[in-house]
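Just so you know, these numbers come straight off a predicted model, no measurement behind them. First the proteins, then the strands, lettered A, B, ... as listed; each starts at 1. Hydrogens, waters and symmetry mates are skipped; everything else that's a heavy atom, side chains included, is used.
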Amino acid sequence: MEDNSGFRPSAGNLDDPPNSRIFLVVSKSLTEDMIRDRFAEFGDIQDIWVVKDRHTKESKGIAFVKYAKSSQACRAMEEMHGRCLGDSSKPIKVLIAQSRGSTSHKEVEDEDLTRIFVMIPKSYTEDDVKSKFKEYGPVEYCSIIKNKNTGESKGLAFVRFERPSHAALAIENCDRSFKAILAEPRNKGSTSESLDYHSSSRQQESMIHEPPAMSMYSYEQYDYSAYDKVGEARNQEGVSKRLTVVSRVPLVQDQLYSLLDLIPGLEFCEVQRDLYSSFSHAVVQYQSIASAIYAKFKLHGFEYPPGNRLGVTYLNYGGDGAELLKKMASTMVASQVNSMVWGPQVTQQFPPGSGYDRPYASPVGAQLQTDAALPAYKKKSSMDAPCKERLFIVFNPHPLSLDVMEDVFWYSTCCWLLAHL
DNA sequence: CGACGGGACGC
DNA sequence: CGACGGGACGC
């Protein structure tokens, strides 16, 4: 997810920070040195590139100047656009360059560069916001996003500057607590790369975290009927040469690849990490079903890294999202259940050939090992019972570690999914 | 006993 | 109209 595959290694900094590169339309006679002479005063130039014909080496009359900061690029644009340079009487054009991967060469409008989006204390009025941001330049207006019914602030605001460089200065220099970013234009017709990226990562997130429209965490935390469902899911599952690997802690692509590659016939392994939790999963494919069966046999329940049980399951082609989710949930339970129920004394890899699914057949319903006074069993709530979306948890005497919390809630999420999907 | 992370606009 | 090169760290 980090690597910009498809880009040149050095292409990464061209768009970093965003909008720090300008695109010039100039006379063909204008040289790199002449550009440098005129544009250095606006900031730290990292790169100048005059585009030339590959064969004749003649300038095509266009150039790129990369600055260290967006505010510098913006100011160069504001100051130099429309001026005449060199021997030409034709005014030059200076625009913020499109990001390199972009296919559309539609000009970036000032409209898109002058409005920022910030998080503010709920007590702020529009005047408060303005007084915080006018130090970066004249503010055209501020608008706070409010609840339409109550009129109370949502703690979010837009600030429109007159100049792109001022908006950029605000983003670069305002207090970090504002979390200032460039606002997406209101009327967004077509898709941009950055938007696609965000929406796809959101999709991933919602797949993992928000499938149920109602209660995610049922009260029946000691309901072991889920285990039967796991067994059913196992029996139904068809083998395939494609596998998913799920993990509570982040999988590292290279490491996982090395692990899976111990089984001959690995074709690919693609880690898909959830951006907002430590959970991750990977899609894996072997050349043959035999390889996949063997990989699953060897690696399902395997502790990697130590203390974290991997879940491995067959991934059938054409399964829909719900099916995949269910499968991942059951795989997660299967890989976690052993250590959860019996505690840390059973943490070795499952003995070869003894059946990695042994936990399902065991008397899991017996008792949990705890010295805490547990509340009485609660009746199972119905599917459409009203529910709250947030829990406020008070620890006594000490807070639980994040690890433990994740275990508990992952576990109950999995149980819920298995029971209701 | 005991409270925070979060993010999108009436075009 | 006017949109994408050059060149290589240091495990």
Distance-only side-chain donor-acceptor flag, A:Ser291 / A:Ser288, under 3.5 Å:
yes
5' precedence on DNA chain C between A:Asp47 and A:Lys28 (nearest-nucleotide basis):
A:Lys28
Tell me which donor-acceptor pairs under 3.5 Å the side chains of residues 256-265 of chain A have, and how far apart each pair is, sequence neighbours excluded?
unit_1   : atom_1 : unit_2   : atom_2 : d
A:Ser258 : OG     : A:Asp254 : O      : 3.0

Counting distance alone, no hydrogens or angles: does the base of B:dG7 have a donor or acceptor under 3.5 Å from a partner atom on the side chain of A:Lys154?
no
Using a 90° cut-off around 0 for syn, call B:dC4 syn or anti.
syn
Tell me which donor-acceptor pairs under 3.5 Å the side chains of residues 74-88 of chain A have, and how far apart each pair is, sequence neighbours excluded?
unit_1  : atom_1 : unit_2   : atom_2 : d
A:Glu78 : OE1    : A:Arg163 : NH1    : 2.9
A:Glu78 : OE1    : A:Ser165 : OG     : 2.7
A:Glu78 : OE2    : A:Ser165 : N      : 2.6
A:Glu78 : OE2    : A:Ser165 : OG     : 3.1
A:His81 : ND1    : A:Val94  : N      : 2.8
A:His81 : ND1    : A:Val94  : O      : 3.3
A:Arg83 : NH1    : A:Glu79  : O      : 3.2
A:Asp87 : OD1    : A:Ser29  : OG     : 3.1
A:Ser88 : OG     : A:Lys90  : N      : 2.9

Less than 3.5 Å between a donor and an acceptor, one on the side chain of A:Arg100 and one on the base of C:dC4, is that the case here?
yes
Is a side-chain N or O of A:Glu270 found less than 3.5 angstrom from the main chain of A:Gln253, in a donor-acceptor match?
no
Could you list the residues that satisfy salt bridge (Lys or Arg N to Asp or Glu O under 4.0 Å) with A:Glu140, not counting sequence neighbours?
none
Mind checking whether A:Leu251 and A:Val245 have side chains closer than 4.5 Å, heavy atoms only?
yes
Among residues 156-169 of chain A, which ones have heavy-atom contacts with DNA chain B below 4.0 Å?
A:Leu156, A:Phe158
As a quick check of understanding, evaluate salt bridge (Lys or Arg N to Asp or Glu O under 4.0 Å) for A:Arg160 and A:Glu111, giving each step before the final call.
CA-CA 9 Å; A:Arg160 172 80 74 180; A:Glu111 177 94 352; 3.7 Å; yes
Answer with base, sugar-phosphate or nothing: what part of the nucleic acid does A:Glu107 contact at a heavy-atom distance below 4.0 Å?
base
State whether the aromatic ring of A:Phe23 stacks on the base of C:dG2, taking stacking to mean ring centres under 5.5 Å apart and ring planes under 30° to each other.
no
For DNA chain B, find the residues of residues 114-141 of chain A with a heavy-atom distance under 4.0 Å and give them by number; none if there aren't any.
A:Arg115, A:Phe117, A:Val118, A:Met119
Suppose we screen for ring-ring contact (aromatic ring centres under 6.0 Å, His included). Which residues come up paired with A:Phe178, at least two apart in sequence or across chains?
A:Phe133
Which part of the nucleic acid, if any, lies within reach of A:Lys52 when heavy atoms closer than 4.0 Å are counted: base, sugar-phosphate only, or nothing?
nothing
Secondary structure of DNA chain C per the Watson-Crick/G-U criterion (both distances under 3.5 Å; [ ] crossing, | other strand, . unpaired) is ...........
Residues forming a salt bridge (Lys or Arg N to Asp or Glu O under 4.0 Å) with A:Glu162, sequence neighbours excluded:
none
Closest heavy-atom contact between A:Ala180 and A:Ile171?
O-CG2, 3.7 Å
Partner residues of A:Lys130 under the salt bridge (Lys or Arg N to Asp or Glu O under 4.0 Å) criterion, sequence neighbours left out:
none
Just to be sure I understand the geometry, which residues of residues 175-182 of chain A put a non-hydrogen atom under 4.0 Å away from DNA chain B?
A:Lys179, A:Ile181
Contacting residues from residues 53-75 of chain A, given that a heavy atom lies under 4.0 angstrom of DNA chain B
none
Return all side-chain donor-acceptor pairs below 3.5 angstrom for residues 34-46 of chain A, not counting sequence neighbours, or 'none' if the list is empty.
unit_1  : atom_1 : unit_2  : atom_2 : d
A:Arg36 : NH2    : A:Glu32 : OE2    : 2.9
A:Asp44 : OD2    : A:Gln72 : NE2    : 3.4
A:Gln46 : OE1    : A:Lys66 : NZ     : 2.8

Once you round to the nearest 0.5 Å, how far does CZ of A:Arg21 lie from CZ of A:Arg100?
6.5 Å
